[in-house]
Amino acid sequence: MSVPAAAEAPNWELTLRVTTADQTHALGAALGAELERGDLLVLNGGLGAGKTTFTQGLGEGLGVRAGIISPTFVLVRIHPNLPEGPRPGGPDLVHVDAYRLGSASEIDDIDLENTMDSAVTVVEWGRGRVEHLSESRLEVDLHRAVGLETPGPGAGGPQPGHPETLDFDTDDGDEPRTIVLRGFGPRWNTRPDLGRAISGAAIEGTP
């Protein structure tokens, strides 16, 4: 069983500072090209932080069907791999919004284990809820330079008395953002190769 995320040290941490939505998208696409079946991503970010743009980039890199939006009203959306895409025969993308799910047991109720081994699973607001699904995970935190902030590494989601505004927008504007990636477990012993996607970003982090 996984230890709580707040007590678990990542193998590495990479902080990127981008200035445009295109850079956010390109980073997602570069990461998506590196993902494999069974990978679990935990995505955190407030209103306008760039979650949708980043996930659209992931979908492009994975070669799945276009049309990725926030799954807020439908807890799980499955975007199938395209045979004519850049990665024919590659994994599907399972996009989950755990905002309204209060515990790991509620995550279990939506039967993600049925697709975990055959797809890439991206869970928004998943911290503290999905760590038990896999021995390895990649956490991605997106922060705006201004406005609402993403909860820190120990926070699972919106806290009582501090409701988060839901992000229904499918477009993120150009503004400075900080994107923090953390790798946990044997799958993410080393950082993924993001290539030229990070050439224009300010970078800092641990090996």
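Numbers here are sequence positions counted from 1. Everything numeric in this text was worked out from a predicted model, so none of it was measured.
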Please tell me if the side chains of [X] and [Y] come closer than 4.5 Å, counting only heavy atoms from C-beta onward.
{"X": "Leu194", "Y": "Leu14", "answer": "yes"}
{"X": "Arg182", "Y": "Asp141", "answer": "yes"}
{"X": "Pro91", "Y": "Leu62", "answer": "yes"}
{"X": "Arg187", "Y": "Glu135", "answer": "no"}
{"X": "Leu16", "Y": "Gln23", "answer": "no"}
{"X": "Leu133", "Y": "Ile107", "answer": "yes"}
{"X": "Thr24", "Y": "Ile179", "answer": "yes"}
{"X": "Leu181", "Y": "Arg191", "answer": "no"}

Side chain to side chain contact (heavy atoms under 4.5 Å, CB included) between Val120 and Val64, worked out: CA-CA 11 Å; Val120 169; Val64 303; over 6 Å; no
Nearest heavy atoms of [X] and [Y], plus distance in Å:
{"X": "Arg177", "Y": "Arg144", "value": "CG-CA, 4.4 Å"}
{"X": "Ala98", "Y": "Val123", "value": "CB-CG1, 3.9 Å"}
{"X": "Asn81", "Y": "Pro83", "value": "O-CD, 3.6 Å"}
{"X": "Pro192", "Y": "Leu31", "value": "CG-CD1, 3.9 Å"}
{"X": "His132", "Y": "Arg129", "value": "CE1-O, 3.0 Å"}
{"X": "Glu124", "Y": "Lys51", "value": "OE1-CE, 3.2 Å"}

Any link between Leu35 and Val180 through a network of hydrophobic side chains (Ile, Leu, Val, Met, Phe, Trp, Tyr) touching at under 4.5 Å? no
For the hydrophobic clusters of this structure (ILVMFWY residues joined by side-chain heavy atoms under 4.5 Å, transitively), does one cluster hold both Leu82 and Ile69? no
Could you check whether any side-chain N or O of Asp117 sits under 3.5 Å from a backbone N or O of Arg37, counting only pairs where one atom can act as donor and the other as acceptor? no
Just verifying a value: how many Å separate Thr121 OG1 and Leu43 CG, rounded to the nearest 0.5 Å? 13.0 Å
So CG of Leu40 and CD of Glu139: to nearest 0.5 Å the spacing works out to 9.0 Å
Between Trp12 and Trp188, what is the ring plane arrangement, given parallel below 30°, perpendicular above 60°, and tilted in between? perpendicular
Count the heavy atoms of every other residue, nucleotide or ligand shown that sit under 6.0 Å from CZ of Arg87, and state whether that count exceeds 12. yes
